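Everything on this sheet refers to the single structure shown next.
Computed from a prediction, not measured in an experiment: that's the story for all the values here.
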Amino acid sequence: MRAGLLGAMAFSPEFLDELRSRLTLSEVVGRRVALKRKGREHSGLCPFHNEKTPSFTLNDQKGFFHCFGCGAHGDVVGFVMRSEGLSFPEAVERLAREAGVALPVASPAEREREQQAASLHEVVEKATRWFERQLWSTAGVEALEYLRRRGLSDDTIRSFRLGYAPDEREALRKALTADNCPEALLVEAGLLIKPEDGRSPYDRFRGRVMFPIEDRRGRIIAFGGRIMGAGEPKYLNSPETPLFHKGTTLFAYARARPAVHENAPLIVAEGYMDVIALHQAGFKGAVAPLGTALTEEQIGLLWRVTEEPFLCFDGDNAGARAATRAAERALPLLKPGKSLRFVSLPPGEDPDSLIKAQGADAFTRQLEKALPLAEIVWRLEMAGKAADTPERRANIEAALLRRASLIGDAIVQNHYKREWRDRLWKAFRPPRGPQPGRFGRGGRTGGRFEAAPVIAPAIVQGSPAPPPDIGERDLLTMLLRRPDLIVAVAEELAHLEVRDPRHQALVEALLRWAGELEAQGGVAPMEAAQTSRIRIENPGLANHLRILGLEAFALHLLGAVPVSYALRDADQQTLVEEWRRCAAAQNTVLGRDAVLAEAARLWNESPTDENWKRLQALIEELQAAHTAGERP
């Protein structure tokens, strides 16, 4: 029975008593803990915290376990929940299967949903086996070589059940319908696309390496497909189905959960290949979200397995933005003991590339340097902000305290406020002792350095270039005026550096729309210009933005940027090349500003001659670029 159905089912006390009576607590616990019997009780080392002297006891007659070290306490169901990271319904189902106890009879509606789910699971499993066969056949030679070039062994490829979808419109449909899978089920499982114009359904995944996606019980429920050469989108996921909900699923979660309970670190990477490379290198607790920012539900899944999972994002600006979004999303959810740690990879590296270049030990060293959530938020608020007046320091303090106020748990919130007030006092306290003179900007006084205020990139004057948010605004407006460009530049759009949160929301909305277009096998039409009033020319895009609450902001952008900038009359290829050139320039400007902000932060934390010279050199470089007339 599906966990979703079990979650809605109420187990009677009589049923639970019957289940407990069929199981011996010491037998269930003894599979994970070496127990010694002492009279009516058993004792051993607690599986829920590290200890050298046994403080974990259980009593079969009473049916409870208790740890005097960490306070863990419960019955046989609670032990399975805690030790295997299962929900209550999942643990009951697991134990009922072991005890040979039939689960309560579901309602007619629940039975119907269960039968539907069973049929969909069967269809998706058949598709998985078919994709696997294609990969290891002559049709999949190129795909298999691609995976091997990416460093995956044949054993790893087989273990993760990777496959290949031939670049044919109806290959999967013909194969599975011949295997007694109705077309309607194939459409419902997200394997086929049914055109609205009445044409025959066709394969969603074509010419892609296939990554099966498992549910929490290890059953295949969906797929991710990666194109091997040029084309967009690079990755294509299954749509939402009765089995698959992207925001509540983590890739490889069912594989990682038992490893984490054996003390492997729980590591959240960005994509399929990173996770598989980590598993192959021995990091069996690796998982990943499915092409979206980490959701509240996914954070909850992580905390069910371990208290402080590691978030490991790529060492580029996109990875930094992903880390920032995860930190902001996690703050309201924090509970005592539940937090996140952030792994910062070297620039340009991801877990896969780092392990290939330097080995598994290099990645272990990065884990050892992981930063706590509080440090990430502190840096987020401090980076690039001036702190040379009481008002500016007060502004930083207010921003940090606003962040802390988002935390729902009062105890954790108070600790965050205390932590940040202490750090602010240490950062901004006046220097002790006489300060007779200065040496340069950060003067030596009696053998000490006097900290000067943070220098924000924005204070560099005389720049003919517009602020970075103007560049990003114009790039987005160009796509709103010409929706036919969006799919063509989707890869560059995904890596576009933006500062304005509203612009970031619009970027994500346009990428989602591009993915839906690609999934439907279509492109956005370019419609005739309508200059009499401001509007979004493509009705589908307008409706998409309206649903997301972004239509008003998009119309505001269209009204703010002259039509001539969008080069409305130019052909598509010319506009694509121009958009990509401008996006690259925008990323260069923001990347340079980020480097300058980091140099300013380092100098303020450690005002040495070396850090000051580095900061001065960067400022001079930026001024020289502005003098040369660089524009984003």
Side-chain angles (χ1 to χ4, degrees), residues 1 3 6-7 11 15-38 41-101 103 214-219 250 252-268 279 283-287 297-310 335-339:
M1 178 175 289
L6 284 169
F11 298 109
F15 170 77
L16 295 175
D17 287 342
E18 171 69 14
L19 180 61
R20 295 184 185 107
S21 69
R22 297 282 192 96
L23 298 163
T24 303
L25 179 59
S26 59
E27 290 182 0
V28 175
V29 175
R31 298 169 192 161
R32 302 184 64 87
V33 180
L35 296 172
K36 292 183 178 180
R37 183 162 185 165
K38 296 181 179 179
E41 295 189 338
H42 295 76
S43 66
L45 295 176
C46 179
F48 307 124
H49 79 287
N50 293 324
E51 63 176 10
K52 296 181 179 179
T53 303
S55 59
F56 180 87
T57 65
L58 64 86
N59 187 304
D60 280 329
Q61 288 183 324
K62 295 179 180 179
F64 286 96
F65 67 87
H66 181 79
C67 177
F68 293 94
C70 67
H73 180 87
D75 63 1
V76 66
V77 179
F79 181 84
V80 173
M81 289 173 63
R82 186 184 281 261
S83 63
E84 299 186 30
L86 301 178
S87 66
F88 178 77
E90 289 171 334
V92 170
E93 181 187 18
R94 173 77 57 82
L95 292 170
R97 214 165 39 238
E98 292 180 13
V101 177
L103 290 167
E214 301 170 338
D215 65 8
R216 300 175 204 176
R217 294 169 56 186
R219 299 171 300 181
L250 289 165
Y253 183 76
R255 297 167 180 265
R257 188 165 56 185
V260 174
H261 283 293
E262 296 295 334
N263 295 320
L266 179 58
I267 303 164
V268 182
H279 277 254
F283 300 94
K284 303 293 187 181
V287 300
E297 292 84 357
Q298 289 168 335
I299 293 172
L301 282 177
L302 298 173
W303 284 339
R304 281 172 56 179
V305 181
T306 190
E307 291 190 332
E308 291 190 359
F310 294 86
K335 301 288 183 185
K338 302 289 188 184
S339 190

Original post:
Please walk me through it: do R217 and E93 pass salt bridge (charged side-chain N to carboxylate O under 4.0 Å, His left out)?
Top reply: CA-CA 11 Å; R217 294 169 56 186; E93 181 187 18; 3.3 Å; yes

Subject >> Those residues that, when tested against H279, pass ring-ring contact (aromatic ring centres under 6.0 Å, His included) (two or more places apart) >> reply: F160

**OP:** Please answer whether the main-chain N or O of Q298 pairs with a side-chain N or O of Y253 as donor and acceptor at a distance below 3.5 Å.
**Re:** no

Subject >> Counterpart residues, salt bridge (charged side-chain N to carboxylate O under 4.0 Å, His left out), relative to E297 (two or more places apart) >> reply: none

**OP:** Kindly compute the distance separating CG (L58) from CD (E41), expressed to the nearest 0.5 Å.
**Re:** 8.0 Å

Original post:
Distance-only, no hydrogens or angles: does the E51 side chain make a donor-acceptor pair with backbone N or O of C46 under 3.5 Å?
Top reply: yes

Subject >> W303 versus S339, closest heavy-atom pair with distance >> reply: NE1-O, 2.9 Å

Original post:
Are F56 and P47 close enough that some pair of their side-chain heavy atoms sits under 4.5 Å apart?
Top reply: yes

**OP:** Would you mind checking if R32 and E262 are paired as a salt bridge, meaning a charged N to carboxylate O distance below 4.0 Å?
**Re:** yes

**OP:** Find out whether V287 and L302 are in side-chain contact, i.e. whether some heavy atom of one side chain is under 4.5 Å from a heavy atom of the other.
**Re:** yes

Original post:
So do the side chains of T57 and K38 get within less than 4.5 Å of each other, counting heavy atoms only?
Top reply: no

**OP:** Using a 4.5 Å cut-off on heavy atoms from C-beta on, say whether the side chain of V29 contacts that of L35.
**Re:** yes

**OP:** Enter the distance from L266:CG to L301:CG here, rounded to the nearest 0.5 Å.
**Re:** 10.0 Å

Original post:
If you round to the nearest 0.5 Å, how far is CD1 of I267 from NZ of K284?
Top reply: 12.0 Å

Original post:
Does the side chain of P54 reach to within under 4.5 Å of the side chain of H42, using non-hydrogen atoms?
Top reply: no

**OP:** Taking E90 for its side chain and S87 for its backbone only, find out whether a donor-acceptor pair lies under 3.5 Å.
**Re:** yes

Original post:
Which pair of non-hydrogen atoms, one from G337 and one from E308, has the smallest distance, and what is that distance?
Top reply: O-CG, 4.2 Å

Subject >> Validation row: P309, T306 side chains within 4.5 angstrom (heavy atoms) >> reply: yes

Subject >> Listed partners of R37 passing salt bridge (charged side-chain N to carboxylate O under 4.0 Å, His left out), at least two apart >> reply: none

Original post:
Are any side-chain N or O atoms of K36 and backbone N or O atoms of G44, one a donor and one an acceptor, separated by less than 3.5 Å?
Top reply: no

Original post:
Which atoms form the tightest heavy-atom contact between V305 and V260, and what is the distance?
Top reply: CG1-CG1, 3.3 Å

Original post:
How close do A256 and A286 get, heavy atom to heavy atom, and via which atoms?
Top reply: CB-O, 3.9 Å

Just distance, no hydrogens or angles: give the donor-acceptor pairs under 3.5 Å from side chains in residues 77-84, sequence neighbours left out.
{"residue": "S83", "atom": "OG", "partner": "F79", "partner atom": "O", "Å": "2.7"}
{"residue": "E84", "atom": "OE1", "partner": "R94", "partner atom": "NH1", "Å": "2.2"}

Subject >> Heavy-atom pair with the smallest gap, counting every atom of A99 and L23 >> reply: CB-CD2, 3.9 Å

Show me, pair by pair, the donor-acceptor contacts under 3.5 angstrom made by side chains of residues 64-73, not counting sequence neighbours?
{"residue": "H66", "atom": "ND1", "partner": "H73", "partner atom": "ND1", "Å": "3.2"}
{"residue": "H73", "atom": "ND1", "partner": "F65", "partner atom": "O", "Å": "3.2"}

Original post:
L45 and V33: which non-hydrogen atoms are nearest, and at how many Å?
Top reply: O-CG1, 3.5 Å

**OP:** Only counting residues at least two apart or in another chain, list the ones meeting salt bridge (charged side-chain N to carboxylate O under 4.0 Å, His left out) with E214.
**Re:** R255

